[in-house]
Amino acid sequence: MGARGADAEGKVTITEIARQAGVSIPTVSRVVNGRSDVSPQTRARVEDLLRRHGYRRRPAAPGARAALLDLVFNNLDSPWAVEIIRGVEEVAHAAGVGTVVSAIHGRSGDAREWMRNLRARASDGVILVTSALDSTLHEELRILGVPLVVVDPAGSPALDAPTIGAANWSGGMAATEHLLSLGHRRIGLIAGPPRLLCSRARLDGYRAALEGAGITPDASLVVPGDFRPESGFTACAALLDLPEPPTALFAASDQMALGAIEALRRRGLRVPQDMSVVGFDDLPEVRWSAPPLTTVRQPLADMGKLAVRTVLRLTRDEQPDSPRVELGTDLVVRASTAPLA
């Protein structure tokens with residue numbers, strides 16, 4: 001870790017070189033270590049400063065580490081996370097970059113432990129996936145100069161960082177419009193956590209589709225969940241207990257849709273004959289559910305791929321084309337939806 005402190009003659013630190021060059025500390029480290037992933041103009045500017053300050057490169061130690069990216073989730077107990085990891089790994093591996101995957105579980109202690117580990121391994125970039133870090137840790141990331149990309153942000157990112165998400169509003173609208181096209185008018189929604197931007201967008205898309213069909217949204221048909229199967233099961237049971245249950249159901253995640261289908265099965269109801277069900281995500285397993293699930297495909301792996309490409313651009317001091325990217329969603333019609341009988 002000596003590259004981040006004073007040089008052998010105590011003349012200058014890499015932090016000072018980075019300040020004078022107007023680049024991040026990891027960028028100067030890459031120049032010092034002879035890495036190729038720096039633009040020629042930036043390399044020339046940093047090399048000039050290194051020469052002027054008499055900075056001496058330390059010889060590379062045997063078995064020196066490879067380039068690293070940190071991929072940070074709130075939780076890893078979902079196939080949704082696995083799909084993002086798959087996309088990240090594909091692009092990172094092709095670029096010769098290692099990936100460290102962490103989960104902070106929304107707890108400040110876990111987040112601080114991750115930050116300590118980040119400093120120790122000197123990662124070149126960070127990809128946060130719906131992770132909420134407190135303001136102190138945000139400031140530490142900024143001071144370290146580690147490039148950051150946020151995937152599927154929970155809300156407006158606290159850091160001035162590029163974000164990558166999906167077209168959640170149009171996905172929610174497409175799911176609801178599909179059910180409307182089948183003749184359903186009383187459509188229930190199992191929504192995601194309201195604190196999340198994606199949940200609110202899917203809810204708004206659902207409401208917009210109903211209003212577009214001349215239907216006033218009924219608040220009693222919207223039950224919150226947490227994206228997990230258990231909450232889908234519980235929410236579906238609550239909807240079935242209404243005096244006038246819905247004839248169709250849009251669950252804001254595939255896992256909640258699977259939980260809802262199990263709740264229907266236990267009530268002796270069939271999908272889609274007694275209730276049409278639409279999910280959101282298009283996780284691999286829903287193609288094999290009984291029946292195969294109609295869902296909104298969210299390009300999770302592609303979001304992970306783009307996150308790596310974006311953070312690697314930032315490590316080269318190149319700005320992304322847009323600070324906010326939303327990848328498209330598509331409705332995938334399978335056997336869990338049918339016309340209203």
Side-chain angles (χ1 to χ4, degrees), residues 168-194 196 198-283 285-287 289-298 329-341:
N168 291 291
W169 184 88
S170 61
M173 188 170 187
T176 310
E177 286 181 334
H178 171 65
L179 294 170
L180 288 166
S181 74
L182 295 173
H184 298 281
R185 292 296 178 268
R186 193 163 174 79
I187 300 170
L189 171 66
I190 303 177
L196 299 182
C198 62
S199 301
R200 299 195 298 271
R202 292 170 200 178
L203 170 60
D204 288 345
Y206 159 84
R207 287 171 172 163
L210 293 177
E211 291 169 352
I215 300 171
T216 301
D218 183 344
S220 71
L221 293 178
V222 178
V223 182
D226 62 8
F227 290 148
R228 300 183 184 186
E230 297 82 1
S231 69
F233 181 95
T234 302
C236 182
L239 289 169
L240 292 174
D241 288 338
L242 291 173
E244 187 182 352
T247 64
L249 181 62
F250 168 37
S253 79
D254 284 349
Q255 288 196 298
M256 291 196 299
L258 294 177
I261 289 173
E262 176 60 16
L264 291 164
R265 187 190 68 80
R266 294 194 189 183
R267 296 284 185 105
L269 299 174
R270 300 164 300 165
V271 176
Q273 293 90 338
D274 300 310
M275 177 87 74
S276 286
V277 178
V278 179
F280 199 109
D281 285 330
D282 196 27
L283 298 175
E285 64 263 33
V286 303
R287 304 170 197 175
S289 62
L293 184 67
T294 294
T295 188
V296 176
R297 177 179 292 145
Q298 184 175 199
T329 52
D330 300 292
L331 181 70
V332 181
V333 179
R334 298 193 178 101
S336 67
T337 51
L340 178 64

Next item on the list: Under the side-chain contact (heavy atoms from CB on, under 4.5 Å) rule, what do Asp274 and Leu264 come out as? Steps first, then yes or no, please.
Entry: CA-CA 9 Å; Asp274 300 310; Leu264 291 164; over 6 Å; no
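- How far CD of Gln255 is from CD of Glu230: 8.5 Å, rounded to the nearest 0.5 Å.
- Residues Glu211 and Thr216 are not in side-chain contact: their nearest non-hydrogen atoms beyond the backbone lie 4.5 Å or more apart.
- Proximity of Pro292 to Arg287: side-chain heavy atoms (C-beta onward) are nowhere separated by under 4.5 Å.
- Inter-residue side-chain proximity for Arg228 and Ser253 is flagged as unmet; no heavy-atom pair is nearer than 4.5 Å.
- Here the side chain of Arg185 pairs a donor or acceptor atom with the backbone of Leu180 at under 3.5 angstrom.
- Heavy atoms only, all atoms of each residue included: Ile190 and Cys236 are closest at CD1-N, 4.0 Å.
- In terms of heavy-atom proximity, Arg202 sits nearest to Ala252 at NH1-O, 2.7 Å.
- You'll find the side chain of Ser276 reaches within 4.5 Å of the side chain of His184, heavy atoms only.
- Of the listed residues (Val277, Leu210, Val278, Thr247), just one forms a side chain to side chain contact (heavy atoms under 4.5 Å, CB included) with Leu179, and that residue is Val278.
- Between Arg297 atom CZ and Asp254 atom CG the span is 11.0 Å, to the nearest 0.5 Å.
- A heavy-atom distance below 4.5 Å is found between the side chains of Arg267 and Asp241.
- Among all heavy-atom pairs drawn from Asn168 and Gln298, the shortest one is OD1-OE1, 4.1 Å.
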Notebook entry, point to check: What do the steps show when you test Cys198 against Phe227 for side-chain contact (heavy atoms from CB on, under 4.5 Å), and what is the final call?
Noted result: CA-CA 11 Å; Cys198 62; Phe227 290 148; 4.1 Å; yes
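- Closest heavy-atom contact between Asp218 and Ser220: OD1-OG, 2.8 Å.
- A heavy-atom distance below 4.5 Å is found between the side chains of Ser336 and Pro291.
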Notebook entry, point to check: Are Thr294 and Leu331 close enough, and set up right, to give a side-chain contact (heavy atoms from CB on, under 4.5 Å), and what steps lead you there?
Noted result: CA-CA 8 Å; Thr294 294; Leu331 181 70; 4.2 Å; yes
Margin query: Determine whether Leu269 and Leu240 satisfy the following criterion, side-chain contact (heavy atoms from CB on, under 4.5 Å), listing intermediate values before the conclusion.
Written below: CA-CA 10 Å; Leu269 299 174; Leu240 292 174; 3.8 Å; yes
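- In this structure the side chain of Ile215 never reaches within 4.5 angstrom of the side chain of Ile187, judged on heavy atoms.
- Atom OG1 of residue Thr295 and atom CG of residue Leu283 lie 7.5 Å apart, to the nearest 0.5 angstrom.
- Here CG of Leu189 is found 9.0 Å from CG of Leu221. Values are rounded to the nearest 0.5 Å.
- Residue Leu293 comes nearest to Arg334 through the heavy atom pair O-NH1, 2.9 Å, listed as atom of the first residue, atom of the second, then distance.
- Contact record, Thr329 with Val296: CB-CG1, 3.6 Å, taken as the closest heavy-atom pair.
- A side-chain N or O of His178 and one of Thr337 form a donor-acceptor pair less than 3.5 Å apart.
- Taking the side chain as every heavy atom from C-beta outward, Asp204 and Arg207 approach each other to under 4.5 Å.
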